[in-house]
Amino acid sequence: MSKEITSRSADYSQWYNDLILKSELADYSAVRGCMIIKPYGYSLWENMQAALDKMFKDSGHVNAYFPLFVPKSLFEAEEANAEGFAKECAVVTHYRLKADVNNKGKLIVDPEAKLEEELIVRPTSEAIIWSTYKNWIQSYRDLPILINQWANVVRWEMRTRLFLRTTEFLWQEGHTAHATKEEALFESKQMLEVYADFAENFMAVPVIKGIKTPNERFAGAEDTYCIETLMQDGKALQAGTSHFLGQNFAKAFDVKFTDKSNTLDYVWATSWGVSTRLIGALVMAHSDDDGLILPPKIAPIQVVIIPVYKNDEQKNLIAQKVNAIIKELKYLNIKVKYDDNDNLRPGWKFAQYEMKGVPLRLTIGARDLEKNVIEIARRDTKEKSSVDLNNVVKTVVDLLEGIQLNMFNRAKQFRDEHITNANTWEDFINLLDNKTGFVSAHWDGTAETEEKIKELSKATIRCIPFDAVKENGECILTGKPSNKRVLFARAY
RNA sequence: CGGGAGGUAGUUCAGCUCGGUAGAAUACCUGGUUUGGGACCAGGGGGUCGCAGGUUCGAAUCCUGUCCUCCCGACCA
């Protein structure tokens, strides 16, 4: 493995790529735009999944699985949604290959095996799910349906980036059906809160909750709620979305139910999702020029212990001391790794585990044994200290908690320092160019102005924050009246 | 999808202009000395030069096509 990663200041994009590859989160593949999530990266994803899955279940949801393929006729049923995705759909047209008679050992698509109806590889599952819900729902007694699925989806993106935008990606998609508008609205907002909770308390990534403008919202939705995050290069990243779908899909798929008063009405819907993109957010929110910095709550390895010894006698002595500590840590469900690999020297291991973002590193050698201490180094601040062996476990527990908190606070401070008000167009552009981050400004509320601003500044409206205060002002571009500020940023 | 750059040992790259035995560093293997921030010495193994065609006595090198990656742009929930 190469020792160098590009520094953030030299080339932020390259730094990001280097980090992903060299920390072994993922690798490129033989398929354009697709990536291989390596064991270390997948372990991280599993930890994220586990936490989210528990939150979904705690809020009453259950998991199910729907097919990868969507018949074209179903896909096009909800018009706005279908049009929104049409340009990036992979399509299956045939179901068989055959030997190429002109080219020994090669295969060709069998022209005889053309599908009657093309199958779309799902870019999202609303169509297949709502065509199914139609069969499941007759009465208000069948509602609500609160289903989530963990799945892969395919969106044929023109330009891809590891984790941030890949042709195939992993995600979860919740699809719920409700008897009333209020209930569906509540659901979509509740799930946004779940995402915000997860991002902030598990990933240590602060978020801004808000609502998308009509331009930016999900095709087929009445409202799209989102959590927006800020990366270290000052660009924004949408980390999760929750949609209030109104009755759009119920109408498209004719999903009606009889309410208590025996009147027939369309069902109200929501959908919500987060993807492996969160890993990109995690990397770019916290890491430094030495590698990843992972928050303890989702780190695949929380504590690594590295012995330093000159001979087998010392190694055994260390192992004895350390085994007791490992046992206690494991008892507390702390993910600990003891790396006594003889082939690698301690200095190499230090660098390696820093690259991989392990929150705590414990080092113990002969001179520690004499004093009955162990050296503890934290990844987030690079601070080292010596701790009495009798206090190690408690110290580790405290430090893991402290790191989690420190990472969040550090990211939040950076984020807060990068939300700036702009009152003139000059300020607006100047802030985007030089300070970067979110720019809070007035907007006249029209799609035309939003487009124009995007064209001129490359910045989009990330969201209208839920906590935006009423304040009279003038649109940054047109000078027309506005009653609250919205958040602009250049975004991933 | 347009413009630019790139693909040669596990990795990073040189060699290509001007065709003629496949190179370095690092990693790997063996032995030894080492081990508290990416060790050192000695010896050794490893590449049909992304893939497919073509030109040529001869192609990593020239030509054509194609695949994958990076950067910029357009596109994008």
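As the structure is a prediction and not an experimental result, all values here were calculated from the model. Chain letters run A, B, ... following the sequence lines, proteins first and then strands; every chain starts at 1.
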Tell me, for nucleotides 31-36 of chain B in 5' to 3' order, what letter each nucleotide earns: B for a base near a protein heavy atom under 4.0 Å, S for only sugar-phosphate near one, - for neither? ---BBB

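- A donor and an acceptor atom sit less than 3.5 Å apart, one in the side chain of A:Arg165 and one in the base of B:C76.
- As rounded to whole Å, 16 Å separates atom P of B:G38 from atom CG of A:Asp339.
- Within 4.0 Å of A:Lys384, counting heavy atoms only, lies at least one base atom of the nucleic acid.
- A:Phe66 and A:Tyr133 have perpendicular rings, their planes meeting at more than 60° on a 0 to 90° scale where under 30° would count as parallel.
- Under a 4.0 Å N-O distance rule, the pair A:Lys251/A:Glu79 does not qualify as a salt bridge.
- Taking atom C1' in both B:G38 and B:G2, the straight-line distance is 43 Å, to the nearest Å.
- A straight line from NZ of A:Lys22 to C1' of B:U12 spans 8 Å, rounded to a whole angstrom.
- One finds no side-chain N or O of A:Lys87 lying less than 4.0 angstrom from the OP1 or OP2 phosphate oxygen of B:A74.
- A:Pro123 comes within 4.0 angstrom of a base, heavy atoms only.
- Figure legend: cation-pi geometry between A:Lys235 and A:Tyr492, with NZ or CZ positioned under 6.0 Å from the six-membered ring centre and within 45° of its axis.
- A tilted orientation is assigned to the rings of A:Trp15 and A:Tyr12, their planes being inclined by 30° to 60°.
- When the P atom is compared between B:U48 and B:C1, the two are found 32 Å apart, to the nearest whole Å.
- Note on ring orientation: taking the six-membered ring where Trp is involved, the planes of A:His243 and A:Phe218 are parallel (angle under 30°, cut-offs 30° and 60°).
- A donor atom on one side chain and an acceptor atom on the other are not found under 3.5 Å apart for A:Asp339 and A:Asn341.
- Using a 4.0 Å heavy-atom criterion, one finds that A:Gly33 contacts the sugar-phosphate atoms exclusively.
- Distance A:Asn343 CG to B:C29 C1': 11 Å, rounded to the nearest Å.
- Contact annotation: A:Lys349 side-chain N/O to B:G37 OP1/OP2 distance is not under 4.0 Å.
- Counting non-hydrogen atoms under 4.0 angstrom, A:Trp272 reaches nothing in the nucleic acid.
- Comparing the P positions of B:A52 and B:G45 gives a spacing of 28 Å, expressed to the nearest Å.
- For A:Arg32, the listed nucleotide lying nearest its side chain is B:C68; candidates were B:G37, B:C68, B:C75.
- Distance check on atom P: B:A27 versus B:U11 gives 15 Å, rounded to whole Å.
- Geometrically, A:Arg277 does not engage A:Phe169 in a cation-pi contact, judged by NZ or CZ lying under 6.0 Å from the ring centre and within 45° of the ring axis.
- Remark: the A:Asn215 side chain and the A:Thr213 side chain contain no N/O donor-acceptor pair separated by less than 3.5 Å.
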Might you list the N or O atoms of the protein lying below 3.5 Å from N or O atoms in nucleotides 70-72 of chain B, with each pair's distance?
from: B:C70; atom 1: OP1; to: A:Tyr28; atom 2: OH; distance (Å): 3.1
from: B:C72; atom 1: OP2; to: A:Arg159; atom 2: NH2; distance (Å): 2.2

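- Remark: the separation of the C1' atoms in B:G32 and B:C70 is 44 Å, to the nearest Å.
- Across all strands shown, A:Glu88 has heavy atoms under 4.0 Å from sugar-phosphate atoms exclusively, and none from any base.
- A:Arg277 comes within 4.0 angstrom of nothing in the nucleic acid, heavy atoms only.
- Between the side chain of A:Arg490 and the main chain of A:Ser457, a donor-acceptor pair closer than 3.5 Å is present.
- The same atom, P, is picked in B:G4 and in B:U12; the two are 25 Å apart, to the nearest Å.
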